[in-house]
Colleague: 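Mind looking over this structure? Questions follow.
Remember, it's a predicted structure, so these values are computed and weren't measured experimentally. Naming convention: chains lettered A, B, ... in sequence-line order (proteins, then strands); numbering from 1 in each chain.
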Number of protein chains: 2
Amino acid sequence: MKNLLVAQSGGPTSAINATLAGVIQASMASSQIDRTLGAVNAIEGIHGENFIDFDKTIKNAMDIELLAHTPSSALGTCRIKIKGEEECKKLIDIFKKHEIAYFVYIGGNDSMDTVYQLSEYCKKYNIEGITVVGAPKTIDNDLTGTDHCPGFASAAKYIATTLQEIERDVRAYTLPSVVIVEIMGRDAGWLTASAVLAKGNGSRGPKLIYPCELPFSVDNFLKDVKSAVETDNAVIVAISEGIKDDKGVYISESVQSGQVDAFGHSANISGAGQVLAALVKEKLGIKVRSIELSLLQRCAAHIASKVDIVESRNLGICAALNALAGKTGMMSAIFRKPGNGYATEFGVFPTSDVVNKVKSLPREYINSAGNNITKECYDYLKPLIYGEETGFFNEGLPVHITDLVNGYESLL
Amino acid sequence: MKNLLVAQSGGPTSAINATLAGVIQASMASSQIDRTLGAVNAIEGIHGENFIDFDKTIKNAMDIELLAHTPSSALGTCRIKIKGEEECKKLIDIFKKHEIAYFVYIGGNDSMDTVYQLSEYCKKYNIEGITVVGAPKTIDNDLTGTDHCPGFASAAKYIATTLQEIERDVRAYTLPSVVIVEIMGRDAGWLTASAVLAKGNGSRGPKLIYPCELPFSVDNFLKDVKSAVETDNAVIVAISEGIKDDKGVYISESVQSGQVDAFGHSANISGAGQVLAALVKEKLGIKVRSIELSLLQRCAAHIASKVDIVESRNLGICAALNALAGKTGMMSAIFRKPGNGYATEFGVFPTSDVVNKVKSLPREYINSAGNNITKECYDYLKPLIYGEETGFFNEGLPVHITDLVNGYESLL
């Protein structure tokens with residue numbers, strides 16, 4: 001018997017279930033695979049041998065569609081990072097026990113590290129008949145080897161749409177005001193950069209954008225805002241949650257460092273956007289509001305990018321086919337072809353070149369003043385958010401696979 | 001010459017432009033009205049005689065559709081409240097100068113007060129030929145005389161959709177966690193109550209819901225959360241931004257009252273959700289996150305309720321027809337018929353009975369423990385969010401009327 005096991009790891013996205021749907025679809029269609037299994041909560045589920053059998057769980061083809069439009073990780077996730085040969089051996093022994101010939105791991109950097117370690121372990125000890133492959137995922141878009149990462153584009157589309165709606169809101173008033181929007185990404189500014197997409201369709205977009213790649217100067221920020229308010233009465237500012245000062249300290253920490261509450265505890269509960277808004281109010285006396293997009297940006301499947309969902313699914317199909325082809329240690333990836341227009345091909349990239357690397361926003365994607373995004377970056381981002389993938393609705397609300405593990409209501 | 005003037009006031013919503021579209025459509029279709037004018041920034045624009053002529057501004061019928069799907073107030077808004085006969089006289093004189101026979105004011109309580117004062121003024125001084133009418137609007141849903149208010153249902157749909165997506169996100173993890181979602185409405189808990197709608201389609205919805213109508217006890221809240229976490233590892237809590245303690249002090253203020261920053265200033269920059277999250281972390285030691293839906297909930301036209309957009313537009317058409325019929329001092333309104341099913345009719349309600357009144361969430365819509373919403377309330381809310389009205393998209397982003405006043409890109 002040759003079974004395929006798939007698992008999802010890391011933080012949820014709007015597209016990771018589309019990749020899972022792709023893996024399941026390809027696996028169930030293949031005559032070389034007997035059973036298609038899912039590990040509940042990733043490594044935790046493998047350790048506990050907590051598997052679900054998709055041949056029994058998925059009721060019909062439309063439910064695979066439903067899965068592809070459900071945000072977050074339907075199999076559940078975990079943050080466990082495996083390390084060393086002993087831990088590899090434990091997992092491989094469980095694979096052998098359950099006749100798992102193919103393991104597909106969907107996730108970010110840590111998950112690709114797991115794929116790498118398991119495949120190296122099998123090579124080193126001549127373990128045959130087990131192929132371990134990866135499929136990328138992260139809203140942060142910071143994995144090397146793939147032009148962009150599943151989940152990123154849907155988050156970017158949510159951010160751009162939301163910024164345009166905020167722009168409509170604040171432009172209705174005559175009183176000058178500033179809105180600071182805090183965007184996810186502690187170590188990579190790709191999502192913050194995607195705020196530039198809000199320029200489309202007649203909207204002006206954020207006047208100022210600060211990704212986390214450059215040191216953030218509070219003084220320069222206040223100067224930038226003051227100058228922006230002079231020519232526009234509704235200034236939108238996008239900042240990365242990960243902006244740091246020139247000593248590498250998060251701005252939220254450096255500004256709040258002296259604050260204590262009534263009990264003498266640290267009052268350090270506000271994010272970067274909030275502390276900057278307080279500074280704008282105090283130093284410039286302008287009406288200001290901070291908005292943190294928080295979890296909403298990574299699970300807003302109701303405004304997912306069609307490009308993202310379609311591509312993410314295809315990366316899942318590719319990963320299953322890579323497993324069948326014995327491409328152990330490889331991650332499925334998207335390559336963008338040079339030239340005008342959006343041309344891509346799907347291929348593989350070795351996880352050895354993915355692990356412990358971070359693809360930061362290139363310096364040339366940030367303007368020279370460090371407070372906005374260049375046309376080159378805009379052109380890179382723009383095709384990724386094309387097309388609407390709003391999923392299924394019933395009685396006014398989206399329909400999701402609410403509990404893939406214990407049972408869900410079928411779409412049909 | 002008999003002209004119609006329309007204006008929008010108060011905070012933006014996803015549906016107020018649908019009402020404006022209804023007024024424009026009916027006015028332009030009427031042979032009794034010569035010119036259809038809009039006041040830029042409401043009372044401010046009337047004072048400055050800053051009017052736009054829709055016969056020249058609106059290029060084609062599809063642009064009226066585009067307007068109906070654009071969030072916020074396309075004419076701009078203001079927060080000016082008129083008071084006294086002298087201010088009424090100023091406005092009426094401007095109406096006379098511009099041959100305005102019909103004035104339609106779209107807004108909330110303050111705007112209906114303006115409609116009331118202007119109509120009373122005209123009656124008292126026997127000013128003939130000027131009819132002043134209102135059309136309701138508020139995401140807070142707290143106007144009397146209408147079963148519900150335009151803009152509320154779209155905000156409710158956004159809240160329910162977002163809560164379901166948050167539920168998918170947090171349920172992917174095994175570590176117990178609490179998410180506190182802070183919802184708009186300082187004086188009325190209708191929007192917070194609409195969090196109960198997230199129960200649909202297999203989702204469990206928030207375990208705890210605290211509208212602002214009842215005094216909020218931090219001790220009871222901590223007990224409720226502790227108990228909830230015992231039976232569920234992902235607890236979502238919805239709170240109103242307006243929750244107050246038993247002395248009527250906002251929770252955000254009462255909890256932060258002793259906090260000062262490094263410079264001795266008040267550190268009072270966090271909302272209710274954030275201070276409660278800090279308490280949960282400190283007192284219960286549970287992983288917790290607070291999310292403030294902020295402006296996003298009132299301008300998320302990309303997930304507007306079809307019922308809301310259709311009804312809001314109809315209320316605009318009604319308002320224009322009420323003006324033509326001489327129903328001065330009246331607000332267009334929705335009446336819900338008793339019995340099963342969602343049956344409504346559109347009519348008028350005197351603004352004299354709207355002003356200075358607030359329709360709070362009834363006690364019977366809140367459970368006896370004061371920490372959730374009843375089935376009766378759920379049944380009232382449920383039909384309001386039916387149907388998706390996602391508007392128009394181009395190159396992956398919504399298309400809005402970005403600048404109705406100075407020019408916009410036509411849809412066609």
Colleague: Tyr158(A) versus chain B, heavy atoms under 4.5 Å apart: side chain, backbone, both or neither?
Modeller: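 For Tyr158(A), the contact with chain B is made by the side chain alone.
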
Colleague: Are side-chain heavy atoms of Gln274(B) and Gln274(A) found at a separation under 4.5 Å?
Modeller: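 A side-chain contact exists here, since the closest heavy-atom pair is under 4.5 Å.
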
Colleague: Could you state the interatomic distance from CZ (Arg171(A)) to OG1 (Thr77(B)), rounded to the nearest 0.5 Å?
Modeller: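 Answer for the CZ-OG1 pair, Arg171(A) versus Thr77(B), is 15.5 Å.
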
Colleague: What I want to check is whether the side chains of Thr174(B) and Glu44(A) have a donor and an acceptor closer together than 3.5 Å.
Modeller: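 The answer is yes; a qualifying pair exists.
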
Colleague: Checking heavy atoms, do the side chain of Glu395(B), its backbone, both or neither come under 4.5 Å from chain A?
Modeller: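 Contact with chain A: backbone and side chain both.
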
Colleague: Heavy atoms only: give me the nearest Leu397(B)-Asn201(A) pair and the separation to one decimal.
Modeller: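 Answer, listing the atom of Leu397(B) first, then Asn201(A): O-ND2, 3.1 Å.
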
Colleague: Where on Arg79(A) is there a heavy atom nearer than 4.5 Å to chain B: the side chain, the backbone, both, or neither?
Modeller: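 For Arg79(A), side-chain heavy atoms alone lie under 4.5 Å from chain B.
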
Colleague: How close do Thr402(A) and Ser203(B) get, heavy atom to heavy atom, and via which atoms?
Modeller: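 In terms of heavy atoms, the two residues are closest at CG2-N, 3.7 Å.
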
Colleague: So which part of Glu409(A) gets closer than 4.5 Å to some heavy atom of chain B, the side chain, the backbone, both or neither?
Modeller: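 For Glu409(A), side-chain heavy atoms alone lie under 4.5 Å from chain B.
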
Colleague: With a 4.5 Å cut-off on heavy-atom pairs, point out which of Gly387(B), Gly200(B), Ala300(B), Ala160(B) contacts chain A the most.
Modeller: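 Among Gly387(B), Gly200(B), Ala300(B), Ala160(B), the one with the most close pairs to chain A is Ala300(B).
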
Colleague: Can you tell if the side chain of Leu295(A) reaches within under 4.5 Å of the side chain of Arg289(B), non-hydrogen atoms only?
Modeller: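 Yes, their side chains come closer than 4.5 Å.
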
Colleague: Under a 4.5 Å heavy-atom cut-off, does chain B meet the side chain of Lys382(A), its backbone, both or neither?
Modeller: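 Contact with chain B is through the side chain of Lys382(A) alone.
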
Colleague: By a 4.5 Å heavy-atom criterion (distance strictly below it), what part of Ile401(A) contacts chain B: side chain, backbone, both, or neither?
Modeller: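 Backbone only.
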
Colleague: Applying side chain to side chain donor-acceptor pair (under 3.5 Å) between His302(A) and each of Lys157(B), Gln164(B), Glu165(B), report the one that passes.
Modeller: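 Of all the options given, the one that passes is Glu165(B).
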
Colleague: Using a 4.5 angstrom heavy-atom cutoff, name the option from Asn41(A), Thr13(A), Val399(A), Val405(A) with the most pairs to chain B.
Modeller: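 Looking at each of Asn41(A), Thr13(A), Val399(A), Val405(A) in turn, Asn41(A) comes out on top.
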
Colleague: Looking at Thr162(A), Val307(A), Leu384(A), Ile303(A), which one has more heavy-atom pairs under 4.5 Å with chain B than the rest?
Modeller: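 Answer, by heavy-atom pair count under 4.5 Å with chain B: Ile303(A).
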
Colleague: Does any heavy atom of chain B fall under 4.5 Å from the side chain of Ser305(A), the backbone, both, or neither of them?
Modeller: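 Contact with chain B is absent: no heavy atom of Ser305(A) under 4.5 Å.
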
Colleague: Using non-hydrogen atoms only, which part of Leu296(A) is less than 4.5 Å away from chain B: side chain, backbone, both, or neither?
Modeller: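 For Leu296(A), the contact with chain B is made by the side chain alone.
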
Colleague: Tyr173(B) and side-chain contact (heavy atoms from CB on, under 4.5 Å): which single residue from Pro12(A), Cys78(A), Ser73(A), Ser72(A) fits?
Modeller: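 Filter result, single survivor: Pro12(A).
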
Colleague: Top residue by heavy-atom pair count (under 4.5 Å) with chain A, among Thr70(B), Val40(B), Thr161(B)?
Modeller: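 Going by pairs under 4.5 Å, I would pick Thr161(B).
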
